[in-house]
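Right, one structure below, let's go through it.
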Amino acid sequence: MEQHSAVVLDGSEAGDVGAAQVRRVLEDELRNQGWRVDVYAPRELEIAPCVGCFNCWVKTPGRCENEDDSQAIAAAMISSELTVFLTPVTFGGYSSLLKRALDRVICLVSPFFTRIHGEVHHQRRYPSSPYLLGVGVADEVDSSAAGIFSTLLERNAINLHAPGHAAAVVRRATAADAMRVALQHLLTASGVPS
Amino acid sequence: MNAERHAFLLVGSPRRGKSTSAALGRYLGDRLAEQGWWTGRAFLYGLIGNAERERDLLGTLREVDLVVLAAPLYVDSLPAVVTRFLELWARDIADCTDPPRSSLTAILNCGFPEAEHNHVALAICRRFAHETGLGWCRGLALGGGEAFGGRELDQVGGMARHARRALELAAAALAAGEHIPDAAVELMARPIVPRRIYQWIGNRSWRVKARRAGTLAELRARPYEANS
Ligand SMILES: Cc1cc2nc3c(=O)[nH]c(=O)nc-3n(C[C@H](O)[C@H](O)[C@H](O)COP(=O)(O)O)c2cc1C
């Protein structure tokens with residue numbers, strides 16, 4: 001039977017022991033549930049910042065012309081059934097490392113506009129998109145930062161046409177068992193078929 | 001430094017001087033200069049990643065009264081380079097023995113016609129100020145910023161009238177040491193043109209650009225589809 005494919009984008013810096021622990025538990029849990037997991041850590045990759053040219057919509061439609069590791073991430077994300085953004089919570093948002101990868105994947109949607117819930121967004125480019133999971137890592141969970149984090153993931157889910165999504169912030173010091181339970185809940189909340 | 005007050009504009013768009021972010025920031029900076037403020041400016045793209053220039057910038061920011069961050073919305077939040085700058089600035093503030101003296105405001109613009117798309121990014125700026133101890137003077141959000149095409153606001157005509165008025169109100173409040181008033185926030189958020197027209201013009205402009213690039217037939221290409 002073909003395995004479901006999950007992509008984890010790990011936006012943590014080298015030496016972030018807490019984030020590494022969350023990633024281990026997450027990978028382990030996903031594999032236990034039968035997923036094939038591919039991890040991309042921007043800190044180990046070559047990803048230039050987006051230059052805002054929109055050539056990925058106009059000149060080379062669907063693909064950024066600036067060749068580096070971002071093309072592999074875009075390809076993996078859109079072929080996956082689940083994409084996980086794992087990141088230190090950074091002023092409520094994503095780390096610059098994760099953001100560097102995400103700014104480069106707007107090629108996955110179409111430039112054309114549509115309306116979703118009355119707001120203007122881009123049309124989808126591909127017939128299906130992955131479910132989105134946001135896993136924020138923090139020393140302490142602050143409700144205001146966690147609120148920004150889940151709203152951001154929700155907004156991304158609309159723009160990327162994710163069929164379902166969920167986000168949570170976990171403490172770096174959380175014991176592995178409790179972390180596993182939290183991640184199981186998150187997967188269930190996203191609605192992704194297991 | 002003398003008693004003159006200092007504002008520093010940080011432009012967070014890769015289009016640098018040709019961006020809508022820069023145009024909005026410049027208009028605000030000019031209004032502050034008219035009120036006797038000294039204003040400086042830096043483009044974060046090209047600067048972040050260069051250790052020496054990062055150090056110089058962070059040194060400058062320790063001395064100014066007001067930092068104006070003008071940036072586009074990228075994927076519902078601040079662009080990666082702007083986020084990287086905030087990470088570095090937060091570290092610098094934490095390393096400094098004195099509490100930060102400056103306040104922060106942000107002027108964000110996005111491509112979709114509704115200004116509300118910028119709200120999460122503004123919340124991130126406010127959260128940054130809260131975590132670092134900077135004063136937060138509130139921010140302004142503009143929808144449909146792509147329509148300005150980076151032109152000076154004076155050259156955009158009626159389409160930019162609400163934005164100009166919003167920035168004038170904001171400058172007057174900031175110069176008086178006050179937060180940006182609701183009236184400025186509301187004016188900046190007013191649609192540039194009716195949403196339906198913006199959507200129609202936007203869709204048409206992608207086709208025009210694609211025709212010029214000879215890619216009209218491929219605009220909906222799916223290069224990452226299995227077997228493509
Ligand atoms: C990588 C990338 C991501 C973007 N994401 C969004 C978005 O999530 N929502 C939106 O309304 N506009 C988005 N935009 C559009 C820009 O915010 C818009 O073009 C803006 O006017 C650019 O301003 P500037 O000239 O100051 O760079 C995005 C543009 C780029 C290049």
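Chain identifiers are assigned alphabetically (A, B, ...) following the order of the sequence lines, protein sequences preceding nucleic acid strands; residue numbering begins at 1 within each chain. The analysis underlying the following values was restricted to heavy atoms, covering all of them including side chains, and did not include hydrogens, waters or symmetry mates.
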In terms of heavy-atom contacts, B:A221 and A:R125 come closest through O-NH1, 2.7 Å

Heavy-atom side-chain proximity of B:Y198 to A:V120 below 4.5 angstrom: no

Intermediate values then yes/no, side-chain contact (heavy atoms from CB on, under 4.5 Å), B:Y224 and A:R63: CA-CA 8 Å; B:Y224 299 125; A:R63 189 182 167 94; 3.3 Å; yes

Please state whether the side chain, the backbone, both or neither of B:R196 comes within less than 4.5 Å of a heavy atom of chain A. both

Step through the shown structure and confirm whether more than 12 heavy atoms of other residues, nucleotides or ligands are within 6.0 Å of CG on A:D177. no

Among B:P72, B:A210, B:G49, B:S77, single out the residue with the greatest number of heavy-atom pairs under 4.5 Å to chain A. B:S77

Please check if the side chain of B:T215 supplies one atom and the backbone of A:V58 the other of a donor-acceptor pair under 3.5 Å. yes

Between A:G52 and B:P14, which heavy-atom pair has the shortest distance, and what is it? N-CG, 3.9 Å

When A:L108, A:L152, A:L102, A:V105 are compared by non-hydrogen pairs under 4.5 Å with chain B, the top option: A:L152

Go through B:N203, B:V75, B:V120, B:V81 and name the one with the most non-hydrogen pairs under 4.5 angstrom from chain A. B:N203

Could you report the tightest heavy-atom contact between B:R195 and A:G118, atom names first, then the distance? NH1-O, 2.9 Å

Would you mind checking which part of B:H117 comes under 4.5 Å of any heavy atom in chain A, side chain (CB onward), backbone (N, CA, C, O), both or neither? both

At what distance, to the nearest 0.5 angstrom, does CZ of B:R127 lie from OG1 of A:T90? 11.5 Å

Please state whether the side chain, the backbone, both or neither of B:A213 comes within less than 4.5 Å of a heavy atom of chain A. side chain

Should we say atom CZ of B:R212 is surrounded by more than 12 heavy atoms from elsewhere, each under 6.0 Å from it? no

For the candidates B:T132, B:V82, B:L86, B:L216, which exhibits the highest count of non-hydrogen atom pairs separated by less than 4.5 Å from chain A? B:L86

Using non-hydrogen atoms and a 4.5 Å limit, figure out which bit of A:D142 sits close to chain B: side chain, backbone, both or neither. side chain

Counting heavy-atom pairs under 4.5 angstrom with chain B, the leader among A:S96, A:S144, A:A75, A:G147 is A:S96

Between A:Q71 and B:P223, is any pair of side-chain heavy atoms under 4.5 Å apart? no

Exercise: identify the closest heavy-atom pair between B:E225 and A:P127: OE2-CD, 3.6 Å

Under the criterion side-chain contact (heavy atoms from CB on, under 4.5 Å), I'd like the reasoning laid out for B:R220 against A:F112: C-alpha separation, chi angles, the key distance, then a yes or no. CA-CA 9 Å; B:R220 294 179 191 274; A:F112 294 116; 3.4 Å; yes

Does B:Y74 form a side-chain contact (heavy atoms from CB on, under 4.5 Å) with A:I106? I'd like the steps, not just the answer. CA-CA 9 Å; B:Y74 275 13; A:I106 61 163; over 6 Å; no

Option that, when pairs with chain B are counted at under 4.5 Å, heavy atom only, ranks first among A:C107, A:C50, A:S79: A:C50

Between A:H122 and B:F112, does the ring centroid distance fall short of 6.0 Å? yes

Pick one of side chain, backbone, both or neither for A:E13, based on which atoms fall under 4.5 Å of a heavy atom in chain B. side chain

Report yes if some heavy atom in the side chain of A:T151 is under 4.5 Å from a heavy atom in the side chain of B:H119; otherwise report no. no

Quick one: of A:N159, A:L160, A:D103, A:I148, who has the most non-hydrogen atom pairs under 4.5 Å with chain B? A:D103

So CZ of B:R222 and CZ of A:R124: to nearest 0.5 Å the spacing works out to 9.5 Å

Hey, are A:R100 and B:E87 close enough for a salt bridge, meaning a charged N less than 4.0 Å from a carboxylate O? no

With a 4.5 angstrom heavy-atom cut-off, could you sort out which part of B:L78 is near chain A: side chain, backbone, both or neither? backbone

Under a 4.5 Å heavy-atom cut-off, does chain A meet the side chain of B:E218, its backbone, both or neither? both

Per-residue contact mode, A:I78 against chain B (heavy atom under 4.5 angstrom): side chain

Examine whether an atom of B:Y45 lies under 4.5 Å from a heavy atom of chain A, and if so say whether it belongs to the side chain, the backbone or both; otherwise answer neither. side chain

Is it the case that over 12 heavy atoms from other parts of the model lie below 6.0 angstrom from the CD atom of B:E52? no

Is the number of heavy atoms from other residues, nucleotides or ligands within 6.0 Å of NE2 (B:H130) greater than 12? no

For chain A, which candidate among B:E116, B:R84, B:Q199 shows the most heavy-atom pairs at distances under 4.5 Å? B:Q199

For each of A:P111, A:G62, A:S95, A:A145, tally heavy-atom pairs with chain B at distances under 4.5 Å, and name the one with the top tally. A:P111

Students often mix this up, so state it plainly: with edges at 30° and 60°, are the rings of A:F54 and B:W206 parallel, tilted or perpendicular? perpendicular

